[in-house]
Amino acid sequence: MKVNTQSVNFNANDELINFLQNRLDKVETFYSKVISSDVYMKVENTSAKENKIVEIKITVPKDKFIVKKQCKSFEEAVDSACSSLERRLIKQKEKLRLQA
């Protein structure tokens, strides 16, 4: 799956991009009809430790899923967002199976 990545207020290194790509490839095993995915990573200028924000938008036929997570590290936020996406895609797949 092609992942479009944008990092705001910082430059994402290759290790983070590879982690993101691998994690989103795992999400695709739950729902094979994913058209595209966009990832926005931001660093908030606050004194709080949880200042890393990851927003993932996945487009599937006739629908879009958007998940936004804020954590201490980008890896933790990506993992949390992908887990949420997996649950939502499984629900979508069940819904489509019941309609057929």
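The analysis underlying the following values was restricted to heavy atoms, covering all of them including side chains, and did not include hydrogens, waters or symmetry mates. The residues of the chain are indexed from 1 along the displayed sequence.
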How close do [X] and [Y] get, counting heavy atoms only, and between which atoms?
X   : Y   : answer
T5  : M41 : CG2-CE, 3.4 Å
C71 : A77 : SG-CA, 3.7 Å
S7  : F10 : OG-O, 3.2 Å
R88 : I66 : NH1-O, 3.1 Å

Cluster overlap [X] with [Y], hydrophobic side-chain contacts below 4.5 Å:
X   : Y   : answer
I53 : I17 : no
F19 : V8  : no
I90 : L96 : no

What distance do [X] atom [atom1] and [Y] atom [atom2] have between them, rounded to the nearest 0.5 Å?
X   : Y   : atom1 : atom2 : answer
I35 : T59 : CD1   : OG1   : 6.5 Å
K64 : I58 : NZ    : CD1   : 13.0 Å
I56 : D38 : CD1   : CG    : 10.5 Å

| task | Determine which pairs satisfy side-chain hydrogen bond (donor to acceptor under 3.5 Å, both in side chains) with at least one residue from residues 90-100, sequence neighbours left out, and list them in order. | result | E94-R97
| note | residues 45-72 vs ring pair (Phe, Tyr, Trp, His ring centres under 6.0 Å), sequence neighbours excluded, gives none
| note | For residues 32-63, the ring pair (Phe, Tyr, Trp, His ring centres under 6.0 Å) pairs (sequence neighbours left out) are none
| note | Hits for side chain to side chain contact (heavy atoms under 4.5 Å, CB included) against S84, two or more places apart or cross-chain, chain-then-number order -> V67, K69, R87
| query | By side chain to side chain contact (heavy atoms under 4.5 Å, CB included), which residues pair with K52, not counting sequence neighbours? | reply | F74
| query | Does the side chain to side chain contact (heavy atoms under 4.5 Å, CB included) test come out yes or no for E44 and Q70, once each step is laid out? | reply | CA-CA 10 Å; E44 268 191 349; Q70 184 170 349; 3.5 Å; yes
| request: Show the numbers, then the answer: is there a side chain to side chain contact (heavy atoms under 4.5 Å, CB included) between E75 and L16? | output: CA-CA 7 Å; E75 288 83 1; L16 180 60; 3.8 Å; yes
Going by atom type alone, with no hydrogens or angles, which donor-acceptor pairs under 3.5 Å involve a side-chain atom of residues 21-33 and a protein atom two or more places apart or on another chain?
unit_1	atom_1	unit_2	atom_2	d
Q21	NE2	M1	O	2.9
Q21	NE2	D25	OD1	3.2
N22	ND2	N18	O	3.3
R23	NE	D79	OD1	2.6
R23	NH1	E86	OE2	2.8
R23	NH2	D79	OD1	3.3
R23	NH2	S83	OG	3.4
T29	OG1	K26	O	2.5

| message | Would the distance check show the side chain of N9 and the main-chain N or O of V43 forming a donor-acceptor pair, the cut-off being under 3.5 Å? | response | yes
